[in-house]
Amino acid sequence: MPSNGRWKNVGSVKRLAEWIKEADTIAVLTGAGMSTESGIPDFRSENGLYAQEDHVEYYLSEHYYKKDPVDFWRRFKRLFSLKMMGGFAPNDGHRFLRWLEDIGKTVTILTQNIDGLHTKAGSTNVIELHGTLQTATCPSCGNKYDLSFINRHEVPRCEKCQTIVKPDVVLFGGLVPHIEEAFAKAAQSDLFLAMGTSLEVTPVNQIPFYVAAESPATKKVLINKTATRMDGIFDLVIYDGIGETVASVRKQIQAE
């Protein structure tokens with residue numbers, strides 16, 4: 001049982017609602033728990049998609065894309081079920097973050113997810129730390145292609161130069177884009193929310209530490225179904241699903 005009264009109760013929801021009302025700027029780190037509530041399978045869990053493929057870190061790497069881009073795409077498409085990806089829709093968690101903008105908050109979303117659902121929900125400031133499955137780019141001429149184009153071709157090639165395009169996700173061995181901006185935005189916020197993340201993947205999982213060190217006045221909240229190794233960093237931890245929690249928080253905000 002989590003200690004220090006940190007598990008979800010009416011008091012926790014009320015406190016989070018109060019902190020949201022007080023905050024002008026909110027930074028939100030989202031992980032797989034946000035996407036699973038839209039029906040998207042987790043990638044890294046014990047029973048996740050990565051567990052279905054041997055040597056996934058090799059076959060989904062920068063090295064393997066360059067070595068054998070044809071087989072890379074075959075494996076990539078099978079693993080991520082790209083033909084299904086366009087059919088997933090934002091859930092209550094995504095819509096709640098958009099609603100925070102609607103009530104006047106400046107919200108920056110720092111997402112580990114690659115499904116593009118925050119953008120689909122209408123959030124205007126989304127930093128996709130691990131890239132997106134929704135597009136691919138030609139490494140030779142820079143032409144960009146959407147998911148429908150990718151799905152129409154077994155091995156998608158650039159229409160301009162015929163180079164095999166590269167998915168706009170961070171492959172193993174690749175650099176995490178915008179990570180410095182993410183650290184800065186988190187530390188500059190009045191409220192930092194981590195939602196649906198086990199905080200196991202580096203360097204993203206270092207963001208809460210950075211906020212605690214650089215901006216001690218920033219309120220830090222974690223919403224996750226299970227405990228993490230970093231729970232002690234947060235001022236408030238709510239152990240529950242995102243949709244149920246944000247529905248209660250929104251109701252509390254609207255009632256006051």
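Please read these numbers as outputs of a predicted model, since none were measured by experiment.
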Any carboxylate oxygen within less than 4.0 angstrom of a Lys/Arg side-chain nitrogen, looking at [X] and [Y]?
X: K225; Y: E37; value: no
X: K144; Y: D168; value: yes
X: D235; Y: K219; value: no

- Hey, do the aromatic rings of Y64 and Y59 have their centres closer than 6.0 Å?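 Yes; Y59 has its ring centre under 6.0 Å from that of Y64.
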Does one side chain, of [X] or [Y], offer a donor that lies under 3.5 Å from an acceptor on the other?
X: N205; Y: T202; result: no
X: T197; Y: Q112; result: yes
X: D146; Y: T135; result: no
X: D240; Y: T245; result: no
X: T30; Y: H118; result: yes

- For atom CD of E180, decide whether the heavy atoms of other residues, nucleotides or ligands shown that lie under 6.0 angstrom number more than 12.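 Incorrect, the count does not exceed 12.
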I'd like to know if the side chain of [X] and the backbone of [Y] have a donor-acceptor N/O pair within less than 3.5 Å.
X: R98; Y: G122; result: yes
X: T163; Y: V165; result: no
X: K160; Y: C138; result: no

- Could you give all pairs that pass the salt bridge (charged side-chain N to carboxylate O under 4.0 Å, His left out) test and reach residues 20-29, with sequence neighbours left out?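 As it turns out, the salt bridge (charged side-chain N to carboxylate O under 4.0 Å, His left out) pairs with a partner in residues 20-29, which skip direct neighbours, are K21-E256.
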- Once the angle between the rings of Y58 and H63 is folded into 0 to 90°, is it parallel (under 30°), tilted (30 to 60°) or perpendicular (over 60°)?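 Rings of Y58 and H63: tilted, 30 to 60°.
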- Using 30° and 60° as the class limits, which term best fits the ring planes of Y145 and F149: parallel, tilted or perpendicular?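 Aromatic pair Y145/F149 classed parallel.
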- Spacing of R74 atom CZ and D68 atom CG [to the nearest 0.5 Å]: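 These two atoms lie 8.5 Å from each other.
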- Item | Which residues share a side chain to side chain donor-acceptor pair (under 3.5 Å) with Y210, sequence neighbours left out |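 With neighbours one apart ignored, the set is empty.
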